Amino acid sequence: MLLQRALRTRDFYFALFTTICTCSSAFAGEFEVSGSHNFVRSPGKPEAQTVEFTAPGIGEHYVLRIYNGENAEELVTSARVMLNGTEYFSPEDFKKSATFLDTPLLSLGLDNSLYVMLDGQPGSGLAAEVIGIDNIAPTIEASISPVANSAGWHNSDVTISFTCEDELSGIESCTSPITVNSEGNAQEITGEAVDNAGNSSNSTVSVSLDTTPPHLSSQI
């Protein structure tokens, strides 16, 4: 899982920093929560680094991941990683040169604080991120306007609107309203909801449309 980067210049990797990186490796059913942050050990006395972030909901649907050596000269050999005051990784976890660590979180709040203390060699570093787990499909409901007559037919253009909801990861996309203006019987119109973890749901409705007045003729 380790994404090894090109070596940085000495001035770069000796500077203490926390930045957003693109090293997140999302899997099916996962969504980004904290973003991925780089931590590099600077010369001198170790200094703690803290990242504040928010979560979409409180619960146990989250995982803390460490990519050891990401965007750094060397692997971290000693570190403490805490979240909201609870220690999840200790110096012992890094002594075997582990390149990837992850652990389920006991619970996550709406407002959270990620704490990292690097004690290894200057220039060593890691990336840390919190991801969410969502394997439940979003909901989608369709509404038709105007409503059909008692025979189930419309005589004017029909608009199909969709309402999409997802309690955990949130909605990534929801089909925009669709206008039906072509005549036909039982035309199927489908909308799709996709959440931020890649789960999807569909909703299909049937529309019968006839806008042509009946033909009336008389005979003498």
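Quantities reported herein were computed from a predicted structural model and do not represent experimental measurements. All residue numbers in this chain count up from 1 along the given sequence.
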Distance from [X] atom [atom1] to [Y] atom [atom2], nearest 0.5 Å?
X: Leu126; Y: Leu101; atom1: CG; atom2: CG; answer: 9.0 Å
X: Leu75; Y: Glu70; atom1: CG; atom2: CD; answer: 11.0 Å
X: Asp166; Y: Cys174; atom1: CG; atom2: SG; answer: 11.5 Å
X: Asp93; Y: Thr77; atom1: CG; atom2: OG1; answer: 12.5 Å
X: Ile131; Y: Ser36; atom1: CD1; atom2: OG; answer: 11.5 Å

| field | side-chain contact (heavy atoms from CB on, under 4.5 Å) partners for Thr54, two or more places apart | value | Asp111
| message | Could you work out, with side-chain contact (heavy atoms from CB on, under 4.5 Å) as the rule, every residue matching Thr211, not counting sequence neighbours? | response | Glu183, Leu209
| Pair Arg65 + Glu30: basic N to acidic O under 4.0 Å | yes
So which atom in [X] and which in [Y] form the shortest heavy-atom distance, rounded to 0.1 Å?
X: Val81; Y: Leu114; answer: CG1-CD1, 3.9 Å
X: Val51; Y: Phe39; answer: CG2-CZ, 3.8 Å
X: Ser78; Y: Phe94; answer: N-CB, 3.9 Å
X: Pro146; Y: His154; answer: O-NE2, 2.8 Å
X: Leu118; Y: Ala79; answer: CD2-CB, 3.7 Å
X: Ala137; Y: Asn199; answer: CA-CB, 3.8 Å

With distance as the sole test, does [X] use its side chain to make a donor-acceptor pair with the main-chain N or O of [Y] at under 3.5 Å?
X: Asn68; Y: Val76; value: yes
X: His37; Y: Ser34; value: yes
X: Asn196; Y: Ser169; value: yes
X: Thr103; Y: Leu64; value: no
X: Glu192; Y: Ile140; value: no
X: Tyr62; Y: Ala55; value: no

Would you say [X] has more than 12 foreign heavy atoms packed within less than 6.0 Å of its [atom1]?
X: Asn202; atom1: CG; result: yes
X: Ile136; atom1: CD1; result: no
X: Gln187; atom1: CD; result: yes

| Glu52: salt bridge (charged side-chain N to carboxylate O under 4.0 Å, His left out) partners, not counting sequence neighbours | none
| Asn181 and Asp157 side chains, donor-acceptor separation under 3.5 Å | no
| Does any donor atom in the side chain of Tyr115 or Glu87 lie under 3.5 Å from an acceptor atom in the other side chain? | no
| query | Does some side-chain heavy atom of Trp153 sit less than 4.5 Å from a side-chain heavy atom of Asp210? | reply | yes
